[in-house]
Amino acid sequence: MIGLGKYKADINNMFFKGEAIFELKDNNGKYEIEIELEDKDIEMPDINIVDAEEDGNTLTAKATSPEFPGKAVDVSLTFEDDKCNGFLKIPFVGKVKIKDAVKIG
């Protein structure tokens with residue numbers, strides 16, 4: 001499994017501007033992701049990765065969320081050394097770009 005760990009990223013889109021912490025975990029051979037925002041008043045919905053593929057140092061995945069029934073969350077993350085770049089495409093929110101996220105744990 002690639003990219004496991006905790007990353008800090010600066011997010012800037014029309015719904016949120018600030019710092020986000022996301023953690024990729026191994027849950028019995030399946031990827032799991034948790035996301036926290038520095039603004040504790042905004043709660044991120046649960047995102048459940050249901051289909052993940054690795055291609056070199058890039059992880060692409062489809063995910064679901066109870067907040068968006070019947071809709072998929074697209075995930076694409078590329079890992080190099082202790083950095084991560086990519087995006088999450090969230091229904092009704094759009095593409096949330098992740099640029100130069102730094103591994104912190």
Side-chain angles (χ1 to χ4, degrees):
M1 300 185 88
I2 60 172
L4 298 179
K6 192 178 272 194
Y7 296 83
K8 179 170 59 172
D10 289 320
I11 305 296
N12 185 3
N13 73 11
M14 72 171 105
F15 296 102
F16 177 77
K17 182 176 181 173
E19 188 176 277
I21 304 287
F22 67 94
E23 185 172 7
L24 277 178
K25 299 178 181 181
D26 175 0
N27 183 4
N28 295 319
K30 293 187 177 190
Y31 282 99
E32 186 175 284
I33 189 168
E34 289 183 12
I35 303 171
E36 290 181 30
L37 304 177
E38 72 177 343
D39 183 346
K40 300 296 183 189
D41 292 336
I42 301 173
E43 189 171 323
M44 286 295 296
D46 290 333
I47 297 175
N48 306 306
I49 296 177
V50 292
D51 185 27
E53 293 183 16
E54 299 171 4
D55 183 12
N57 62 345
T58 299
L59 172 67
T60 56
K62 293 283 185 193
T64 61
S65 175
E67 299 289 323
F68 311 113
K71 304 283 184 188
V73 175
D74 294 321
V75 179
S76 178
L77 300 170
T78 300
F79 302 93
E80 281 192 40
D81 300 319
D82 286 343
K83 296 211 180 210
C84 174
N85 291 287
F87 67 86
L88 279 79
K89 188 173 178 187
I90 303 171
F92 311 112
V93 173
K95 189 180 276 189
V96 177
K97 294 179 184 178
I98 298 169
K99 185 174 178 174
D100 295 329
V102 178
K103 190 170 189 176
I104 58 172

>> Rounded to the nearest 0.5 Å, what separates atom NZ in Lys6 from atom CD in Glu36?
In response: 6.5 Å

> Can you name the nearest heavy-atom pair linking Ala9 to Ala101, along with the distance?
Replying inline: CB-CB, 3.7 Å

>> Parallel, tilted or perpendicular: which one describes the rings of Phe92 and Phe68, with boundaries at 30° and 60°?
In response: tilted

> Is the count of non-hydrogen atoms from other residues, nucleotides or ligands lying under 6.0 Å from Asp55 atom CG greater than 12?
Replying inline: no

>> Minimum heavy-atom separation for Ala63 and Ile49, please, with both atom names.
In response: CB-CA, 4.0 Å

>> To check you understand the geometry: which heavy-atom pair defines the closest contact between Cys84 and Ile98, and what is its length?
In response: O-CG2, 4.1 Å

> With sequence neighbours excluded, what pairs up with Ala20 under the side-chain contact (heavy atoms from CB on, under 4.5 Å) test?
Replying inline: Ile11, Leu37

> So do Leu77 and Phe22 actually touch side chain to side chain, heavy atoms under 4.5 Å?
Replying inline: yes

>> If the condition is side-chain contact (heavy atoms from CB on, under 4.5 Å), which residues does Pro66 pass it with, not counting sequence neighbours?
In response: Asp46, Asn48

>> Starting from Met1, can I reach Val75 by hopping between I/L/V/M/F/W/Y residues whose side chains sit under 4.5 Å apart?
In response: yes

>> Please enumerate all residues that pass side-chain hydrogen bond (donor to acceptor under 3.5 Å, both in side chains) together with Glu23, with sequence neighbours excluded.
In response: none

> Does Asp74 have any salt bridge (Lys or Arg N to Asp or Glu O under 4.0 Å) partners at least two apart in sequence or in another chain, and if so, which?
Replying inline: Lys62

> Which ILVMFWY residues can you reach from Ile104 by hopping between side chains whose heavy atoms are under 4.5 Å apart?
Replying inline: Ile21

> In chain order, what residues pass the side-chain contact (heavy atoms from CB on, under 4.5 Å) check against Ile2, with sequence neighbours excluded?
Replying inline: Tyr31, Glu54, Leu59, Phe79

> Are Ile35 and Phe87 connected in the hydrophobic side-chain network, where two residues link if heavy atoms are under 4.5 Å apart?
Replying inline: no

> In Å and rounded to the nearest 0.5 Å, what is the NZ to CG distance from Lys30 to Asp51?
Replying inline: 10.0 Å

> Excluding sequence neighbours, so at least two apart, what forms side-chain hydrogen bond (donor to acceptor under 3.5 Å, both in side chains) with Glu19?
Replying inline: none

> Can you tell me how far CG of Asn13 sits from CD1 of Ile90, rounded to the nearest 0.5 angstrom?
Replying inline: 8.0 Å

>> Listing request: all side chain to side chain donor-acceptor pair (under 3.5 Å) pairs with a residue in residues 76-100, at least two apart in sequence or in separate chains.
In response: Thr58-Thr78

> When Ile, Leu, Val, Met, Phe, Trp and Tyr are grouped by side-chain heavy atoms lying under 4.5 Å apart, directly or through other members, which residues fall in the same group as Val50?
Replying inline: none

> For Lys25, which residues count as a salt bridge (Lys or Arg N to Asp or Glu O under 4.0 Å) partner, sequence neighbours excluded?
Replying inline: Glu34

> Nearest heavy-atom pair of Val73 and Pro91: which atoms, and what distance?
Replying inline: CG2-CD, 3.9 Å

